[in-house]
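Data block below; observations after.
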Amino acid sequence: MPTVAVAKTVQLSSLGISHIPSPETLLQECRDPGISLSPPRQAKRRPAIVMMESEDDDHPNQPIGTPDEAFSTASRNRKAFRHLQEQRKQLPIARGRESLIRSIASNDVTIILGETGSGKTTQLPQYLLEGGSYHGQIAVTQPRRVAATSLAARVSAEQGQALGTLVGYSVRFDERVGLGTRIKYLTDGMLVREMMNDPLLTCYDVVIVDEAHERTLRTDIVLASLKRILALRNGNGVDSSAKGKAKANPLKVVIMSATLDAEKFSKFFESAPVLYVKGRQHPVSIYYTSSSQSDYLDAALRTFFQIHVDRPPGDVLIFLPGQDDIENLESSLRMYANQLPQNVPDVIICSLYASLPNGQQAKVFLPTPPDSRKCILATNIAETSITIPGVRYVIDSGKQKEKRHLARIAGSGFDTLLTTDITKSSATQRAGRAGREGHGYCFRLYTEEAFNSMIASVEPEVLRSSLTSVYLQLKVIGQDLDTMPFMDRPDQESVGSALRTLWLLDAIDDSRHLTDFGRSLAVFPLEPQYAATLLASVKHNCTAEVMSVVALLSSSSPLFPDTSSQRDKANEARTKFRHPSGDHWTMLNVFRAYDEVCASEGKSGRKDWCKHNFVNQRALREAWSIRAQLRGICERMDIDWSLSCGNEESPLLRSLLRGLLQHVALLQPDGTYKQVMGPSVVKIHPSSFLTDKRSPAIIYNELVYTTNIYARGVSAVYKSFIAEFPKLTGMRLS
DNA sequence: GAGCACTGC
C-alpha cells in the first residue's frame, strides 16, 4: 500500500506503537490483543411458551430481480408449487394454527411475540384466509417496501395464484392488487395514506401490524389510530360515545413484535393476550471486552484479525456507525490483509451502507471463494434491511448514528446526526445476524457492564422527529395530535413547533381548524412545505419547474454526493449547471439536462452522463418517479402541471418562498445570516454555490448542525418577495 | 471551507 493509505489508517493506539508493524508482529499482537475476552456465554433464550416452530423465514432475503421473477415462474411450475405446499404442511407452525385462529377470533387485539425466522408473517394471514371467518381484506403492514413486495410474492406463490390477484401488495410507486385481493401487504406509510380516505379502514376485517417493535413514526400513527377505530367499529373500547353501536363490521387487530416490548403493546391495548411463537435461530456465543475500548476502529481491526487467524471459516460482519468509519477501517484492513503470510486465507473486504451504489452493494452477496474469508463493514442497514448469507462472526462496535430533530418554539428547529450508543435490543439483533445459518459468535467491543447499562430499546421515532406532516395527516382524518392515544406522547415543544409551521403555511387557521388549502396540501406525498411550494406554483405559472425541483428535494439521495477524494474534479464538472440565483435553479438545470439525456440516450448513456458530471443518478431516478406521481395527482386535482416560466427566475423562487417561510434569513454586516423567523445565526454551507456570495436575503431547504449551524440548499431572494407575506413580516416586527 | 444512520408517502 502507498504511504497515502497509512495516513488514513486508524491508530494502533493500544499497541503503543507509531510505526506499522510487520505482519508477524501484528498477528502476534492479535493473539494477545489487550482486548481480553471473557468466557463465552450463550445468548439467553427467551423463556417463551413454545407454541410452534417453523422452518421458514420471516423475510425472504433481498430478492434478486423483481418479486415476480423470483416467484411467479415458480408458481407456474407445478413441481415447485407442490414442493411449496409440502413445505407449508410440514411446518411445525401448522400445529399451532387452530389455537392462533381461535385466539384472534375471541379477542379484538392479539399480540404475537415472534422470534426471528418463525414464519409468522407469511403463514398467519393465510391461516386467517383459509379459516373462512373473514370475508373482507386482511392488511399486513411492513416498515420497508422490499419486505412488503417480497412477502406478497412469496405468499402468492404459496397460494398458487398470480401476484396481484388473491394476494397483493401496495407500496409507493408500485401496487399489485385486484378486485379479488384478500391479503394485502403494504408499507405502514401506505396504510396511513389509506386512512386519509377511509378513516375507519372499513375495507379491512383484519389489520396485522408487523415489526411493531421498530416503532417507526408511521407504525405509531397506525397503532394509535387502530385503538380509536376499534372503539368505533367494535364499540367496546374506551370511547364511551361509541358504546352500544352496531358491530356490523368489527375489526381484528394483530400486533407482531420481536422483542419483550410485547408487554407494552399488551398494556396499550388493554391487556390483549400475548402469544409466543418460537423461531429457528441458532445459538450465538457472546463475548465482551474486559475493559472499555476508547477506539472502536482499532478494537475492530484487532478483533477481526484475531478471528481470521484463530477461528474456522465463516464470514465476518462488522457493525459501524457510518460511512467515514467504514472507509477508514477498510483501508487499514486492506493494508494488513495484504501483508498476511501465505498460509493465512485471503480476506475479501466489502462495504455496505445505503448511499453505496447498487453495484457495489451487490458484492456482499457473492459467494465467498474457498480458502478466503469475507469481511463486511456495514452500518445499521445490515441490522434489519439486508440479510447477508454466510455470516458466522459479528463484531459489534456498539455505536450507531441517530438523527434527532430539535424542535424550537421560534423557527422550525433543526436536525442533528450524532453517534450514539446502541440499545440492548439493537445489540441482540446484531448478534443474531451471526446465527442465521449455524452456531454463531458475536464479539462486542464493549464491556458487559456497558451492555447492561444500555437502554432497552430505541426511543420511538415519534419522540425524535418533526411532526409537521403527522399533524396535518391527522387533521385530515379528523384527529388532533394532542388527543391521539399515542403509546408515547410527543412533548409540547415538538407539537407546538408543528402547529406553528402549519399555521404559517395557512394549512390551519387561528382556531387550529384545517383549511381547504391544508386539505389540498395533505393530498401530496410531500413535506407540507414542499406541497405549499407546489400549489403556489400555479399562481406563478411555473408548475413544471417547481415540480422538478420539489421532486429532487424530496428524493432520499443527495443530487451532489460529497466525494472527498475527487471534490475539486466534481466541483469543476458541476460548474456548467451553476445558476447565479443559487442551488435551486442549479438543481433544475441538472434535471433539465438529464431529461434531455434521457430523451436521446439509452440506459448506459444516461449512466455515463451522470458519472461524467458527478451527479447522483439514484437521486435523479427517484426524483423522476416522484415527479411522475405528482403529475398524476395534479391531473386528478385539475392542476395543469405543464405551466412553465421558461428561464425566468423569479416565479420559481417566489413559489419556494411560499413553502419555506420559516427558512428565510437576512445578511448581517459580519457576513453571517440571521433567521427572520427564529433566533439562530446561520452560515451558508460550503457545499452551496452561494457560499461567500453575500446575498442580502436567502431561503434554504434545511439547517444542519455540525460544526456550525449550516443552511443547505440555498437561493438568493429579493427582500421585496418577503414583504408579500404578512405573517412573515409581522413576525419580524414582534 | 465541509462530513450524510435508516426508513416512508
Side-chain angles (χ1 to χ4, degrees), chain A residues 141-148 170-175 186-197 211 214-222 319-328 352-356 378-386 397 399-404 415-420 422 426 458 461 464-465 469-470 472-473 476 521-528 530-531 551 554-565 567-568 570-571 616 619 622 625-626 629-630 632-633 671 683-688 690-692 702 704-712:
Chain A
T141 72
Q142 293 292 321
R144 283 166 289 280
R145 293 163 49 95
V146 62
S170 176
V171 299
R172 189 183 190 182
F173 306 132
D174 195 7
E175 187 178 59
L186 73 178
T187 46
D188 45 18
M190 213 61 192
L191 191 68
V192 172
R193 275 278 147 195
E194 289 189 1
M195 275 194 294
M196 288 165 67
N197 292 320
E211 312 284 8
E214 290 190 26
R215 301 292 307 277
T216 69
L217 187 53
R218 290 159 293 274
T219 296
D220 273 17
I221 299 169
V222 167
F319 281 101
L320 295 166
Q323 183 180 345
D324 233 28
D325 284 330
I326 287 174
E327 285 171 359
N328 284 337
L352 189 63
Y353 47 88
S355 61
L356 198 69
T379 60
N380 259 354
I381 195 170
E383 199 177 295
T384 47
S385 303
I386 294 181
S397 66
K399 303 283 181 187
Q400 64 179 347
K401 283 196 180 178
E402 188 183 70
K403 193 172 187 174
R404 198 166 269 277
D415 288 331
T416 62
L417 190 68
L418 298 170
T419 301
T420 60
I422 59 168
S426 196
V458 71
E461 212 183 343
R464 297 184 281 127
S465 310
S469 286
V470 178
L472 182 64
Q473 285 167 0
V476 171
L521 292 187
V523 174
F524 292 95
L526 295 169
E527 291 298 319
Y530 294 141
S554 305
S555 166
S556 55
S557 318
L559 180 60
F560 301 114
D562 192 20
T563 45
S564 47
S565 55
R567 192 174 280 167
D568 292 337
N571 282 341
N616 186 358
E622 193 182 336
S625 302
I626 294 171
Q629 189 188 24
L630 295 177
I633 293 168
K683 286 186 173 175
I684 296 179
H685 195 274
S687 66
S688 169
L690 279 193
T691 194
D692 301 329
E702 58 174 357
V704 288
Y705 179 66
T706 51
T707 52
N708 275 292
I709 302 178
Y710 285 112
R712 285 208 309 203

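Only this structure's heavy atoms are used, side chains among them; waters, hydrogens and symmetry mates stay out.
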>> From CD1 of A/I326 over to P of B/dA5, roughly how many Å is that when rounded to an integer?
In response: 8 Å
>> For a quick check of understanding: with a heavy-atom distance under 4.0 Å over all strands, which category does A/V192 fall into, base, sugar-phosphate or nothing?
In response: nothing
> With no angle test and no hydrogens, is the base of B/dT7 tied to the side chain of A/R218 by a donor-acceptor pair under 3.5 Å?
Replying inline: yes
> Could you state the CD1-P distance from A/I422 to B/dC6, rounded to the nearest angstrom?
Replying inline: 16 Å
> What integer distance in Å separates A/N708:CG from B/dC4:P?
Replying inline: 13 Å
> How about A/R712 and A/S688: do any of their side-chain heavy atoms sit closer than 4.5 Å?
Replying inline: no
> Mapping A/Q473 and A/E402 to their closest nucleotides on DNA chain B, which lands nearer the 5' end?
Replying inline: A/E402
> Side chain of A/Q323: nearest nucleotide among B/dA2, B/dC9, B/dA5?
Replying inline: B/dA5
> Can you check the A/N571 CG to B/dG1 C1' distance for me, whole Å?
Replying inline: 11 Å
> How many angstroms lie between atom CZ of A/R404 and atom CD of A/E402, to the nearest 0.5 angstrom?
Replying inline: 4.5 Å
>> Distance check needed: B/dG8 C1' versus A/I221 CD1, whole Å only.
In response: 10 Å
>> Any side-chain N or O of A/T691 below 4.0 angstrom from OP1/OP2 of B/dA2?
In response: no
> Within this structure, what is the CG-to-P distance between A/L217 and B/dG8, rounded to whole angstrom?
Replying inline: 13 Å
> Across the strands shown, which category fits A/T187 at heavy-atom distances under 4.0 angstrom: base, sugar-phosphate, nothing?
Replying inline: sugar-phosphate
> What nucleotide, of B/dC4, B/dT7, B/dA5, holds the atom closest to the side chain of A/S556?
Replying inline: B/dT7
>> Which nucleotide wins on minimum distance to the side chain of A/P686, given the candidates B/dT7, B/dG3, B/dA2?
In response: B/dA2
>> B/dG3, OP1 or OP2 - any side-chain N/O from A/T707 closer than 4.0 Å?
In response: yes
> From the list B/dA5, B/dC9, B/dA2, which nucleotide is the closest neighbour of the side chain of A/K401?
Replying inline: B/dA5
> Whole-Å distance between B/dC9 C1' and A/L472 CG?
Replying inline: 12 Å
> Do you know the tightest heavy-atom contact between A/K403 and A/D415?
Replying inline: CE-OD2, 3.4 Å
> Is any side-chain nitrogen or oxygen of A/R404 closer than 4.0 Å to OP1 or OP2 of B/dA5?
Replying inline: no
> Within the structure shown, what part of the strands sits under 4.0 Å from A/L417 by heavy-atom distance: base, sugar-phosphate, or nothing?
Replying inline: base
>> Could you check whether any side-chain heavy atom of A/M190 comes within less than 4.5 Å of a side-chain heavy atom of A/V171, counting everything from C-beta outward?
In response: no
> Roughly how many Å is it from CE in A/M190 to P in B/dG8, rounded to a whole number?
Replying inline: 12 Å
> Is A/F524 touching bases, backbone alone, or none of the nucleic acid, heavy atoms closer than 4.0 Å?
Replying inline: nothing
> For A/T219 and A/E214, does a side-chain donor sit closer than 3.5 Å to a side-chain acceptor?
Replying inline: no
>> If you assign each of A/L526 and A/G322 to its closest nucleotide in DNA chain B, which residue comes earlier from the 5' end?
In response: A/G322
> Nearest of B/dC4, B/dG1, B/dC9 to any side-chain atom of A/Y710?
Replying inline: B/dG1
>> To the closest 0.5 Å, what do you measure between NZ (A/K683) and OG1 (A/T691)?
In response: 9.5 Å
>> Taking any heavy-atom pair under 4.0 Å as a contact, classify A/R712: base, sugar-phosphate, or nothing.
In response: base
> For B/dA2, does OP1 or OP2 lie under 4.0 Å from any side-chain N or O of A/T706?
Replying inline: no
